[in-house]
Amino acid sequence: MIDTAAHAAPFAPEHDSGAGYISSLPGEDALPGFPRRLCLLGSTGSIGKNALRVAEGRPERFTVAALAGATNLALLAEQAARFRPARLCVLTPSGVDALAGMLPAGYAPDIVHGPEGYASLAADADSDVVLSAIVGAAGLMPTLAAARAGKLVALANKESLVLAGDLIRQACRESGAVILPVDSEHNALFQALGGPGLRELPHVATLVLTASGGPFRDKPAAFLQTVTREQALNHPNWSMGPKISVDSATLMNKGLEVIEACRLFGLPPERVEVVVHPQSIVHSLARYHDGSLLAHLGPPDMRVAIAYCLGYPRRTPLDLPAVDLVALGSLTFEAPRHDDFPCLSLARHSLSLGAWGPVALNAANETAVELFLAGRIAFLDIPRLVDFALTTQAGVYADDLDAILEIDRTTRRRVRERAEGGAPRG
Ligand code: NAD
Ligand code: MG
């Protein structure tokens with residue numbers, strides 16, 4: 001098992017270039033005005049539902065132009081009936097008619113389906129802000145489509161940056177698209193640094209990502225051998241979809257977020273630290289060479305980051321309980337347990353392999369998490385299968401989209417075969 005300590009992570013040459021934020025950040029005058037027309041990809045998921053809660057009751061700020069889900073047609077129909085967007089997208093062709101049949105009389109939106117459908121919604125001229133909140137690698141093509149179409153992109157789908165951060169950066173440069181990070185840690189950094197701070201990124205010593213530590217932060221190593229699906233899905237601070245909940249339990253979520261931070265802020269991995277902060281109140285910090293640490297604090301509720309992105313640069317008031325600092329009493333910080341949760345080190349290691357490494361890491365992890373949620377492998381098989389994917393594949397070219405998608409496909413197949421042939425040992 002690879003166990004690369006955070007500070008010992010080798011410098012990845014791909015980060016030599018591109019220091020600086022992933023997209024331009026124009027002033028408010030150059031951004032879409034209000035009310036903004038929202039395209040919510042993944043509206044039936046945890047992030048999507050929270051985005052609709054933000055939009056609800058604020059028609060002067062937000063209208064809903066398009067909604068996209070996968071297979072939860074009942075929920076999508078309910079959302080569509082409430083917000084009446086002109087366009088909808090579902091995963092399968094059969095879902096189109098089924099969804100149409102669930103909509104109220106007199107409301108007949110355009111319903112499309114499949115990967116082309118999601119990409120067409122993302123690029124549609126009739127929306128201003130695209131929330132990319134599909135889970136996993138399936139979010140890549142719609143994110144790229146939105147970036148190529150020059151949209152204001154509220155980006156929750158961290159996997160698309162892990163797979164193709166450079167392609168998204170290039171698309172933003174060519175189209176003028178603006179990326180706003182929804183992931184709470186990256187959103188915190190974006191807020192703490194502010195516009196001028198983002199232009200001064202070369203002067204930041206390190207970015208410090210906080211991690212809750214997940215549900216097993218203080219469990220003994222032996223406990224991790226017996227973890228069940230239900231235990232892994234039971235996150236102490238955040239309510240999230242199943243895949244990211246398991247990623248939080250293995251610390252792969254923080255590994256993916258290290259890669260996400262490198263891609264967003266154009267910094268090498270040794271300038272991205274991780275510290276465990278069980279209260280999830282400090283969402284991340286930027287450390288400067290003069291000893292200063294700039295932090296963003298807030299309640300552990302994704303509506304804060306979502307609202308900030310949808311309304312950027314204007315804040316949208318939210319009906320959330322204020323953080324009671326006195327009641328909290330203390331905020332604590334500790335080092336991650338790298339030996340017991342190897343996914344964080346595996347993610348750092350993947351960056352040192354070149355562009356293909358994070359692609360293989362992500363594909364192996366998604367496949368392993370699916371197998372774990374289906375009851376087919378044990379919790380600790382997840383890092384074993386990711387390690388297998390990284391150590392048994394020769395380095396390959398992964399600089400264009402076709403190559404990235406090919407590595408994604410072959411890694412998924414290899415990991416599934418490996419798991420079916422008996423879960424790999426140590
Ligand atoms: P979720 O599982 O709750 O929802 C996923 C959404 O994607 C659903 O609408 C689902 O219908 C759709 N979907 C699934 N497979 C699809 C496919 N193949 N094609 C098209 N649509 C598909 O997930 P979530 O927790 O809302 O997370 C969404 C994204 O946001 C992930 O990339 C996650 O890492 C990121 N994120 C989530 C949180 C959170 O608090 N939930 C925080 C930070 C980042
Ligand atoms: Mg996060």
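Every number for a ligand or one of its atoms is a count from 1 in the order of the listing. In this chain, numbering begins with 1 at the start of the sequence shown.
- Distances from atom 25 (O) of ligand 1 to the heavy atoms of Ser245, Gly241, Pro242, Ala68 show the closest one on Gly241.
- Considering only non-hydrogen protein atoms, atom 28 (C) of ligand 1 sits nearest to Ala133 O, 3.4 Å.
- The single protein non-hydrogen atom nearest to atom 18 (N) of ligand 1 is Ala138 CB, 3.5 Å, given as residue, atom name and distance.
- The closest approach between Tyr118 and ligand 1 falls below 4.0 Å for a heavy atom of the residue.
- If you put the vertex on the Mg ion (ligand 2), OE2 of Glu257 and OD1 of Asp183 sit 90° apart, to the nearest 10°.
- Atom CG of Asp319 is surrounded by 12 or fewer heavy atoms from other residues, nucleotides or ligands within 6.0 Å.
- Glu159 OE1, 2.7 Å is the protein heavy atom nearest to atom 32 (O) of ligand 1.
- Taking the six-membered ring where tryptophan is involved, the planes of Phe265 and Tyr21 are tilted, since the angle between them lies from 30° to 60°.
- Of all atoms in ligand 1, listed by their number and element, those nearer than 4.0 Å to a heavy atom of Gly45 are 1 (P), 3 (O), 4 (O), 8 (C), 9 (O), 26 (O).
- Classification of the Tyr308-Phe190 ring pair by plane angle, with boundaries at 30° and 60°, yields perpendicular.
- The closest protein non-hydrogen atom to atom 26 (O) of ligand 1 is Ile47 N, 2.9 Å.
- Nearest non-hydrogen protein atom to atom 34 (O) of ligand 1 is Lys158 CE, 3.2 Å.
- The nearest heavy-atom contact from the protein to atom 3 (O) of ligand 1 is Ser46 N, 2.9 Å.
- Under 4.0 angstrom from ligand 1, the non-hydrogen atoms of Leu91 all belong to its side chain.
- Counting protein heavy atoms only, atom 12 (C) of ligand 1 is closest to Ala70 CB, 4.1 Å.
- Residue Ala156 approaches ligand 1 through these ligand atoms, each under 4.0 Å from one of its heavy atoms: 30 (O), 32 (O), 35 (C), 36 (N), 44 (C).
- Within Glu185, OE1 is the N, O or S atom that lies nearest to the Mg ion (ligand 2).
- Nearest protein neighbour of atom 33 (C) of ligand 1, counting heavy atoms only, is Ile244 CD1, 4.0 Å.
- Near Thr44, meaning under 4.0 Å from one of its heavy atoms, ligand 1 places the atoms 8 (C), 9 (O), 10 (C), 11 (O).
- Within ligand 1, counting atoms from 1 as listed, the ones closer than 4.0 Å to a heavy atom of Asn157 are 32 (O).
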